[in-house]
Amino acid sequence: MCSQRNWRQLLSTKKSLFTALLAVVLATGLSASKATTYDIVDRGTLVGDVVTSRAMSSISKYKAMYSEYRVMLSHDRVPGEFVVRLDGAKSLGLMNTIFSTDLGVQSVEVFQTNPELMTVKIADDAKAETFLKKINSHPAVRYAEPNYIVIVRPLDGSGEALERNDPGQDPGQDPGQDPGQDPGQDPGQDPGQDPGQDPGQDPGQDDDPPPPVDDPPPVDDPPPVDDPPPVDDPPPVDDPWPDDPEFGMQWSLENTGQTIGGKEGIPGIDISAKGAWEIQEGSSNVLVAVINSGIDYDHEDLSDNIAFNSGEMGGGKHINGIDDDGNGFADDWRGWNFAGESTNNAADRSGQGTHTAGIIGAIGNNETGVAGVAWNIGIVPIRYINNFGIGALDDVVKAIDYALVRGVDIINCSFSSSVSSSTMFDKIEDAKDAGILFIVPAGDNAQNSDYSPHYPGSYNLDNIISVAATDNHDALRPTSNYGKRTIHIAAPGERIRSTFLDNGYATLSGTSAAASHVAGAAALLWSEYTGETYTQIRNRILNSRHRVPGLKRNIISSGRLNVYEAIKESDPDMYDDPPTPPVDDPEPMPDDNWRDGDDILDEDGNPTIIESRHPYRNSRNDMWTITSSIEKTKFIRLVFSRLELERGFDYLHISGVDENGDWERVESITGSHSDGVTSLFVAGNFLRLQFKTDLTDNNRYGFILEKYQVITDPSIDDPPPPPPPDPLEPPEESDWVDGGNILDEDGNLIVVESDHEYNSDEDRRWTIQGPTDANFMRLVFSRLEVEPNVDYVQILNADGDTVESITGIHENGFTSTFVRGNSATIRLRSDGTVNYWGFRLEKYQYAD
């Protein structure tokens, strides 16, 4: 387990010192100041909830919240606020300096968790630069910086709709609101009041676990999301263990090839959780701080894993308003809320914290809901973000400090920021000194963190694990950040089923979900290997990863989490050295100059344009090899002027050739990019572009490849190898010739067609054999009419793979896409409803 400092004694000593200093300053310095009257406040303005007055009406409060929310986003910081760190005993001089300036200081809030830190607010944000310059030049200041805004993207970060148990629920409704609340309640009540306190309760009650605390007052709804789609039904499973009813939807824990959200998985692409559970299910002695939007304490799948603070329980201590255990927080029997006003109620209002907590530690094998990665752990709920998914730097720092006070082993902190903060770095380093593993999402900006750092993952501290998100095919999620030198490992983060508000469950996506898998794995490992350090647990996770070729250029470890491989090896020496990015791995640097290549040429040397149809067709599997004609090309990449695909289902795959001469995927692009997109680089002078779509039709535009770009290197002497031949590239139209008669297995002439009308619940096949020297085949139908988007005529290759699915009415006929080889199979599939005419095959065509 981790080592723990005596934080309580340290805080107590510092508080006594600073209380005395502040008393002197307030007695001697304020009267001489030219500024307005100042208050040492708990928080005069509720920045975390973006509330400017407690007495607002509901309507004016909402407008103020949203207005200030937009202002804060435009600044990337809280206007007029700064986090200042003092330099120990020199603080008295600094306090006099602050209170005697002409910069309009309005308030100073000394951190409850660390009296060397404070939040300073000035009246005029236009003087922010001047204020920072003056304060940072003072010898008693270690540093001062803006109170940065931390943006937490919702777990459905790509814009996917939220899925809840009740698909008819109004997604704009505050899911944490008590539906039985009196609608006539005064909306201006004091939000700082402890909503769980019972003024009539007998303070001498016995030591039984305390009753649930009432919900806090309702807050205004966050901006609405799209209507949720129907929730997937859990697929049947052969193995009933664990017995959680929705375990079959948790592909990240066991991928059986189940279809989640319309996307069929690949069996075995998971974190191998079942193998790990055979060894260890978790221990309540391992504490995980979930620093997020709070947690639904009373959730049926989480409540027994909430880590209670025994020093604030029994005999009414949880509601007596006294800091019974002396840790600086009165009545923190479950956790703490730093989102604006300091309170002991960290109940979740937006659902993200509850969702991440469920991934980490939902109770497993309890015939309820889902299973977490670790079934039995201690979860410490800490809230710092509000319903808009934002929080301030000072609140995050307090949250981390509180986690240290509670003596946690693991911190799962769900945010990513492009701004580096000295305060944040120091706090994570404090966590390191306390032996705490700090696990964070890579971020959902679709950016390379090597060139566009995202914090805290990009801090160079060896207790951090930064986690990217992958899907059920082991492909990097399109919105996930990546970085060969900054992102440590990948984990499942696409359509993850977990706990949600009001005993609900939701399917959400994002790197926060991916990081939660790693946090759960760390908790499981520490439950098994109780004497190991954070370094050994971290190395177990990184070294045991499942290597994924497509992550080689995107992730330090080149792999995805595999908790079974991490936990099965009992020798810690196996995990001494974590994976590091190879020094000699070719990599273009940010200051390298990309230059446009020449025209893209076809195989005959003629200029060509590579693009899809607009809109594109379903069941495409088209490939092109793009070769640079620029001498001494070292790297190549593609620039698309427009790219609009069905997100998560249709893709452009970019591949290069690895050291063994095999194609290796380096990127998968999906979604809408109306302004264009530039691909990742490939080492060498050529790459492969693959356009792969699923079986469903859509009205999306497709793509246009505008050009390729290269970086050259004069030191390259040998000509690069030519690209390997690609038999999947489609023949030219002039190469297709009509085949002969279609014969049955006895050599008799036949006509291939369905019944007219075809039957309900049909699943019938016909195989057409071409000449032995045919390398490609396609089918020409004289008529094809099936019920649109319900019934399908599918074209299968010799391996039985579906290469195209055709639906709808095509009275004038239809020519299929090509199939590799000299045979093709037609499969007619219909449902149990009304049927159409069917199809008649006119002929087949082939090319060599």
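Treat the numbers as computed from the prediction; the structure is a model and nothing was measured. For the numbers below, each heavy atom of this structure counts, side chains included, while hydrogens, waters and symmetry mates do not.
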message = One pair to check against side chain to side chain contact (heavy atoms under 4.5 Å, CB included): Phe329 and Gln112. What are the steps and the verdict?
response = CA-CA 8 Å; Phe329 298 87; Gln112 189 175 2; 3.5 Å; yes
With a 4.5 Å cut-off on side-chain heavy atoms, are Asp394 and Met118 touching? no
Given 3.5 Å as the limit, does a donor-acceptor pair link the side chain of Thr356 with the main chain of Gly353, or not?
yes
Practice problem: State, with a plain yes or no, whether a side-chain heavy atom of Val467 is found less than 4.5 Å away from one of Thr511. | Solution: no
Heavy-atom closest pair (Pro456 atom, Ile428 atom, distance to 0.1 Å) is CB-CD1, 3.4 Å
request  = Indicate yes or no: at least one non-hydrogen side-chain atom of Val396 is less than 4.5 angstrom from one of Phe338.
outcome  = no
Do Val286 and Ser527 have side chains that get closer than 4.5 Å, going by heavy atoms? yes
Dump the intermediate steps for side chain to side chain contact (heavy atoms under 4.5 Å, CB included) on Tyr384 and Lys398, then the final yes or no.
CA-CA 9 Å; Tyr384 77 96; Lys398 295 172 195 173; over 6 Å; no
For Tyr148 and Ser417, indicate whether the former's side chain and the latter's backbone hold a donor-acceptor pair under 3.5 Å. no
| message | We want to know whether Asn344 and Asp332 form a side-chain donor-acceptor pair, criterion being a heavy-atom distance below 3.5 angstrom. | response | no
Distance col, row Ile291:CD1 vs Asn412:CG, nearest 0.5 angstrom, shows 8.5 Å
| query | Is Asp409 reaching over with its side chain to a backbone N or O of Leu287, donor-acceptor style, under 3.5 angstrom? | reply | yes
Taken in chain and number order and not counting sequence neighbours, the residues that satisfy side-chain hydrogen bond (donor to acceptor under 3.5 Å, both in side chains) with Asn365 are none
Are any side-chain N or O atoms of Asp301 and backbone N or O atoms of Ala362, one a donor and one an acceptor, separated by less than 3.5 Å?
no
Here the gap from Glu116 atom CD to Asp426 atom CG, rounded to the nearest 0.5 Å, amounts to 10.0 Å
| field | Donor-acceptor side-chain pairing of Asp296 and Thr354 below 3.5 angstrom | value | no
Evaluate the salt bridge (Lys or Arg N to Asp or Glu O under 4.0 Å) criterion for residues Asp331 and Lys317: first the C-alpha distance (whole Å), next the side-chain angles of each, then the deciding distance (0.1 Å), finally the verdict. CA-CA 7 Å; Asp331 300 340; Lys317 288 191 292 186; over 6 Å; no
Scanning both residues in full, the closest heavy-atom pair of Val288 with Ala523 reads CG2-CB, 3.9 Å
Distance col, row Ile359:CD1 vs Leu253:CG, nearest 0.5 angstrom, shows 9.0 Å
Note: Ala431 and Phe438 closest approach over all heavy atoms is CB-CD1, 4.4 Å
* **Expected output: side-chain His299 to main-chain Thr499 donor-acceptor under 3.5 Å** => no
When rounded to the nearest 0.5 Å, the distance separating CD1 of Ile436 from CD1 of Ile400 is 9.5 Å
_Treating Arg383 as the side-chain partner and Ile385 as the backbone partner, does any N or O pair qualify as donor plus acceptor under 3.5 Å?_
yes
Hey, can you pull the donor-acceptor pairs under 3.5 Å for the side chains in residues 370-377, sequence neighbours left out?
{"residue": "Trp375", "atom": "NE1", "partner": "Gly372", "partner atom": "O", "Å": "3.3"}

Heavy-atom nearest pair, Ile382 first then Ala289, reads CD1-CB, 4.0 Å
Is it the case that the side chains of Thr119 and Glu81 hold a donor-acceptor pair, with the cut-off being a distance below 3.5 Å and no angle test? no
Residues at least two apart in sequence or cross-chain that pass ring-ring contact (aromatic ring centres under 6.0 Å, His included) with Tyr534, listed by chain then number, are none
We want to know whether Asn345 and Asn337 form a side-chain donor-acceptor pair, criterion being a heavy-atom distance below 3.5 angstrom.
no
- request: Check the pair Arg77, Asn147 against side chain to side chain contact (heavy atoms under 4.5 Å, CB included), reporting the backbone distance first and the verdict last.
  value: CA-CA 5 Å; Arg77 57 186 174 83; Asn147 193 14; 5.8 Å; no
To the nearest 0.5 Å, atom OH of Tyr529 lies from atom CD of Gln280 at 9.5 Å
* Asked: Val405 versus Asp401: any side-chain heavy-atom pair under 4.5 Å?
  -> no
*asked:* Can you tell me how the ring of His318 sits relative to the ring of Trp333, calling it parallel under 30°, perpendicular over 60° and tilted otherwise?
replied: perpendicular
Residue set satisfying side-chain hydrogen bond (donor to acceptor under 3.5 Å, both in side chains) with Ser293, at least two apart, ordered chain then number -> Asp348, Ser350
ask   = With no hydrogens and no angle check, is any side-chain donor or acceptor of Ser421 less than 3.5 Å from a backbone partner on Met424?
value = yes
Item to check | Asn292 and Ser414 side chains, donor-acceptor separation under 3.5 Å | outcome: yes
Nearest heavy-atom contact between Ile439 and Ala515 is CG2-O, 3.5 Å
Applying side chain to side chain contact (heavy atoms under 4.5 Å, CB included) to Ala330 and not counting sequence neighbours gives Asp323
- Can you check whether His355's main-chain N or O pairs, donor with acceptor, with Ser498's side chain at less than 3.5 Å? yes
Indicate yes or no for a side-chain donor-acceptor contact from Asp324 to the backbone of Gly311 under 3.5 Å, with no hydrogens or angles considered.
no
Residues at least two apart in sequence or cross-chain that pass side-chain hydrogen bond (donor to acceptor under 3.5 Å, both in side chains) with Glu281, listed by chain then number, are none
request  = Indicate yes or no: at least one non-hydrogen side-chain atom of Arg334 is less than 4.5 angstrom from one of Glu312.
outcome  = no
Smallest heavy-atom separation, Ala357 atom then Ile295 atom, equals CB-CD1, 3.8 Å
Q: Determine, for Asp430 against Lys427, whether the closest basic-nitrogen to carboxylate-oxygen distance falls under 4.0 angstrom.
A: yes
Separation between CG (Leu117) and CZ (Phe111), nearest 0.5 Å, reads 5.0 Å
- Derivation of the side chain to side chain contact (heavy atoms under 4.5 Å, CB included) call for Thr507 and Ile496: CA-CA 5 Å; Thr507 301; Ile496 304 301; over 6 Å; no
| Any donor-acceptor N/O pair, Asp244 side chain to Glu246 backbone, under 3.5 Å | no
Q: Could you verify whether a donor N or O on one side chain and an acceptor N or O on the other, from Tyr402 and Asn327, lie under 3.5 Å apart?
A: no
- prompt: How about Leu437 and Ile411: do any of their side-chain heavy atoms sit closer than 4.5 Å?
  reply: no
